[in-house]
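First the structure, in the form of structure tokens, and then the observations on it.
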Amino acid sequence: MSEKLKSGYQGLKKSVDPKRWSKQKALLTDEKLAIEGHPVMERWETPYMKAFAELVTRNGGHILECGFGLGISANAIQSYHPEEHTIIEANEDVFKRLIEFQQTAAHKVTPILGLACEVLESFNEPKFDGIFYDTYPLNADEQHTHQFTFIKKSYPLLKKGGILTYCNLTSTGVLKNKYDSWKQLFNETQLPHLLEAGVPENDIKGIVIFKVSPPSDCLYFQHKTAMIPILIKDV
Ligand SMILES: C[S@@+](CC[C@H](N)C(=O)[O-])C[C@H]1O[C@@H](n2cnc3c(N)ncnc32)[C@H](O)[C@@H]1O
């Protein structure tokens, strides 16, 4: 494996404005999504995305998904018959694909263009039965932490018994090189931030370890397993 792949994807710049993302051209094929030269999403993640979809729809109801990407998890969530499926996407080119998806979806899709954390400001009560967050770090400063900023704002919007899960392979693909196990990685790099974001310890149910097969040229992830965090709102 090349040194570049061993160290994980490091192409993010420091302190660039997240708002620029909306107008960046998206290079979309059936296999890959690249924005601003970043490897944002790849088709090999399909089984992994399906596992997130199965988890987040366990209670049925209204699902909030952040980051449409190639629409893999969105398609999988639809296959579990949500009552409503709200999807937030920040990039305008990808959003066009989301509108096409909405037009043929079997179950109600509510597409919203914008940055997930900003869009959340327009919701004010616990109305989601499941939340799946899978966006992309928009600068180097937030590479390992943007999910926690989102969770702090979205956890109050989860209904009692609701399920929240998230994916940040651009972070964990790098962090996993420093930890022997996913459990250790989760306990040291995720758990403290989740508690700080206001998630009660009792709601943090741990992780599922899922087998994946990234191709050798994938720039952001080169491990044979990946984690699926599980948060369930008890009270
Ligand atoms: C990894 S892809 C999502 C993959 C998707 N789960 C799938 O199965 O194809 C990340 C997506 O999140 C979008 N995105 C990045 N930052 C965002 C943000 N702050 N809010 C909303 N969407 C964002 C990107 O434009 C991209 O479409």
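Ligands are counted one by one from 1 in listed order, and the atoms in each one are counted from 1 as well. Here, residue 1 is the first one in the sequence, and each next residue gets the next number. Only heavy atoms go into these numbers, but all of them, side chains included; no hydrogens, no water, no symmetry mates.
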Practice problem: Please confirm whether Leu33 comes under 4.0 Å of ligand 1, counting heavy atoms of the residue only. | Solution: yes

Quiz item: What protein heavy atom is closest to atom 25 (O) of ligand 1, reported as residue, atom name and distance in Å?
Solution: Glu89 OE2, 2.6 Å

Quiz item: What do you reckon, does Ala90 have a nitrogen or oxygen under 3.5 Å from a nitrogen or oxygen of ligand 1?
Solution: yes

Quiz prompt | Pair Tyr136-Gln143, side-chain donor/acceptor within less than 3.5 Å | solution = no

Quiz item: What atoms of ligand 1 come within less than 4.0 Å of a heavy atom belonging to Val40?
Solution: 1 (C), 2 (S), 10 (C), 26 (C)

Practice problem: May I ask you to check if ligand 1 and Gly71 share an N or O to N or O distance below 3.5 Å? | Solution: yes

Quiz item: For atom 14 (N) of ligand 1, what is the nearest protein heavy atom, given as residue, atom name and distance?
Solution: Thr135 CB, 3.8 Å

Practice problem: Using a strict cut-off of less than 4.0 Å between a Lys/Arg side-chain nitrogen and an Asp/Glu carboxylate oxygen, indicate whether Glu36 and Arg20 qualify as a salt bridge. | Solution: yes

Quiz prompt | Centroid separation Phe68 to Phe101 less than 6.0 Å | solution = yes

Practice problem: Quick one: sort the Phe150 and Tyr133 rings into parallel, tilted or perpendicular, breaks at 30° and 60°. | Solution: parallel

Exercise. Closest by any non-hydrogen atom to atom 4 (C) of ligand 1: pick that one out of Ile88, Asp134, Leu113.
Key: Asp134

Quiz prompt | ligand 1-proximal atoms of Val119, by part, heavy-atom distance under 4.0 Å | solution = neither

Quiz item: Does the His223 side chain pair with the main chain of Gly173, one donor and one acceptor, at a distance under 3.5 Å?
Solution: yes

Practice problem: Could you list which atoms of ligand 1 come closer than 4.0 Å to a heavy atom of Tyr136? | Solution: 15 (C), 16 (N)

Practice problem: Identify, by atom number and element, the atoms of ligand 1 in contact range of Asn91, meaning under 4.0 Å from any of its heavy atoms. | Solution: 25 (O)

Quiz item: Ile35 heavy atoms, cut-off 4.0 Å: which ligand 1 atoms fall inside?
Solution: 25 (O)

Exercise. Give yes if a backbone or side-chain nitrogen or oxygen of Ser73 is under 3.5 Å from a nitrogen or oxygen of ligand 1, and no if not.
Key: yes

Self-check item: Heavy atom of Gly114, distance to ligand 1 below 4.0 Å
Solution: yes

Exercise. Return the residue, atom name and 0.1 Å-rounded distance of the protein heavy atom closest to atom 12 (O) of ligand 1.
Key: Gly67 CA, 3.2 Å

Exercise. Mark yes or no: Lys233 above the aromatic ring of Tyr155, with NZ or CZ under 6.0 Å from the six-membered ring centre and no more than 45 degrees from the axis.
Key: yes

Practice problem: Return the option from Ala116, Ala74, Gly69 holding the heavy atom at the smallest distance from atom 20 (N) of ligand 1. | Solution: Ala116

Quiz item: Is there a nitrogen or oxygen of Met41 sitting under 3.5 Å from a nitrogen or oxygen of ligand 1?
Solution: no

Self-check item: Heavy-atom donor-acceptor pair, Thr165 side chain to Pro229 backbone, under 3.5 Å
Solution: yes

Self-check item: Nitrogen or oxygen of Glu65 less than 3.5 angstrom from that of ligand 1
Solution: no

Exercise. Determine whether Leu164 and Ile151 make a side-chain contact, defined as any pair of heavy atoms from C-beta on separated by less than 4.5 Å.
Key: yes

Quiz item: For ligand 1, is any non-hydrogen atom under 4.0 Å from Trp21's backbone (N, CA, C, O), its side chain (CB onward), both, or neither?
Solution: side chain

Quiz item: Taking all atoms of both residues into account, what is the closest heavy-atom pair of Asp141 and Lys13, and its distance?
Solution: OD1-O, 4.3 Å

Practice problem: Take atom CG of Asp180 as the centre, draw a 6.0 Å sphere, and report whether it contains more than 12 heavy atoms from other residues, nucleotides or ligands. | Solution: no

Quiz prompt | Any Ile88 side-chain heavy atom under 4.5 Å of Leu64 side chain | solution = yes

Quiz item: Atoms of ligand 1 less than 4.0 Å from Met49 heavy atoms?
Solution: 6 (N), 8 (O)

